[in-house]
Protein chains: 2
Amino acid sequence: MSQGKIGSSTKNVPEKTSTMESILEQWRRERPDIDPSPMAVCGQIWRAGEILRKGVTENWANYGLDLAGSDVILTLRRQGRGATLSPSDLAKDMMLSTSAMTNRLDRLEKRGLVKRTTDPKDRRGLRIILTDEGFALADEMVATHVATEEKLLSTLTKEECSQIRQLLSKIEGAD
Amino acid sequence: MSQGKIGSSTKNVPEKTSTMESILEQWRRERPDIDPSPMAVCGQIWRAGEILRKGVTENWANYGLDLAGSDVILTLRRQGRGATLSPSDLAKDMMLSTSAMTNRLDRLEKRGLVKRTTDPKDRRGLRIILTDEGFALADEMVATHVATEEKLLSTLTKEECSQIRQLLSKIEGAD
DNA sequence: CATAAATAATTCGATATCAAAATATCATAC
DNA sequence: GTATGATATTTTGATATCGAATTATTTATG
């Protein structure tokens with residue numbers, strides 16, 4: 001997540017109230033000259049993303065991790081046993097500033113899940129590696145992570161899932 | 001967005017490097033016992049959302065606003081001329097803590113785009129209203145906002161857009 | 001009516017992020 | 001080989017967010 005509390009019970013942050021359709025309705029009334037359907041598409045994508053994010057975050061919390069931590073742990077895990085990445089590699093992979101990565105690694109290192117090792121080829125650089133504990137945690141976590149996602153998507157057929165992938169893949173960044 | 005700098009030129013935050021397919025490939029190699037396709041679906045939804053978010057944020061920056069500001073301004077605008085919402089209403093609508101809303105309103109009020117007025121029915125409460133300047137800005141902004149979204153979605157047909165909406169609407173939160 | 005519980009907004013303390021500066025090291029050009 | 005520029009990471013300062021505490025007011029209960 002982003003605010004370092006794991007199983008927070010009291011919630012200051014409420015659920016979204018207005019439905020997509022009521023929002024469109026308002027815009028049609030206020031600005032009949034504008035076709036608001038692009039808003040609906042974007043809004044639906046963001047909404048779905050939020051729901052999924054919330055679901056997987058709850059699972060990560062069971063391991064005492066937030067989005068920040070699991071992101072790093074799982075990225076390292078999928079490189080394979082013993083593989084390493086530099087802090088810059090990790091930052092690039094998750095579109096984060098390197099300073100944010102320093103902070104994430106500090107926390108994970110303090111928890112004993114990753115280790116900073118020196119890069120033998122470049123004394124400026126570091127290679128980040130999962131500890132045995134981190135590897136084991138990742139290995140356990142990835143199974144429930146995928147199961148969680150499966151559950152969140154269970155109202156969709158396999159066919160519909162691949163339709164979603166295919167359709168959304170057409171939205172391409174300009175960079 | 002979230003860090004109050006408008007046309008930042010230097011970028012510490014890089015673009016995502018690894019493709020969805022290469023990530024799946026890694027997981028298939030590391031954990032052949034797990035079918036990673038749910039990851040692909042979620043990932044594609046998040047990725048598309050990020051691309052869209054980036055695009056519309058660039059447009060908002062042209063008005064000196066970030067995600068936080070435009071969210072409030074547009075939510076107020078679509079209620080209609082002269083309409084008001086309480087800070088709590090706004091927080092609920094955009095899934096934010098009320099303390100975060102206090103902060104957003106502080107900034108917008110300082111810029112002269114919204115005004116805090118007292119609630120005649122409840123002396124605890126406030127009613128937030130767009131100033132004339134805020135209303136005019138919102139009215140101009142919503143047009144380019146929708147145009148921006150349209151452009152970002154231009155690789156999709158109308159039919160494909162409504163397919164996306166229909167498919168994603170099946171992903172429902174558990175709350 | 002008086003008191004207790006609920007609600008509205010703000011303030012406060014903590015934290016994750018970013019951009020920019022600082023530090024260290026590498027690579028290249030001369 | 002020395003200087004200049006590029007690169008890797010951390011440090012620093014600013015800010016937006018959250019959760020909890022605070023203050024003020026309303027609603028409900030006896």
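Note on naming: letters A, B, ... go to the chains in the order of the sequence lines (proteins, then strands), and numbering restarts at 1 for each one.
- Residues A:R81 and A:D139 are not paired through a salt bridge, judged by the lack of any N-O separation under 4.0 Å between the basic side chain and the carboxylate.
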Per-nucleotide protein contact string for nucleotides 3-9 of chain D (B base, S sugar-phosphate only, - none; heavy atom under 4.0 Å): ---BBSB
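- One can place CG of A:L65 at 13 Å from P of C:dA16, the figure rounded to the nearest angstrom.
- One atom, CG of B:L67, and another, C1' of D:dT17, lie 13 Å apart when rounded to the nearest Å.
- Looking at A:R165 and B:E21, a side-chain N of the basic residue comes within less than 4.0 Å of a carboxylate O on the acidic one, giving a salt bridge.
- The CG-P distance, from B:N103 to D:dT15, rounds to 10 Å in whole Å.
- Residue B:D106 contributes atom CG, which lies 19 Å from atom P of D:dA14 at whole-angstrom precision.
- Residues A:K121 and A:M101 both approach DNA chain C. Their nearest nucleotides, taken by heavy-atom distance, put A:M101 toward the 5′ side.
- For the 3.5 Å distance criterion, the side chains of B:Q163 and A:Q163 fail to qualify, holding no donor opposite an acceptor.
- When distances run from any side-chain atom of A:R107 to the nucleotides C:dA16, D:dT17, C:dC18, the shortest one goes to C:dA16.
- For A:E133, there are no salt bridge (charged side-chain N to carboxylate O under 4.0 Å, His left out) partners two or more places apart in sequence or in a different chain.
- Rounding to whole angstrom units, CG of residue B:L108 and P of D:dA16 are separated by 11 Å.
- Contact check, A:R123 against C:dC26: a side-chain N or O comes under 4.0 Å of OP1 or OP2.
- A side-chain donor from one of B:T144 and B:Y63 sits under 3.5 Å from a side-chain acceptor of the other.
- Using a 4.0 Å cut-off between charged side-chain N and carboxylate O, A:R78 and A:D93 make a salt bridge.
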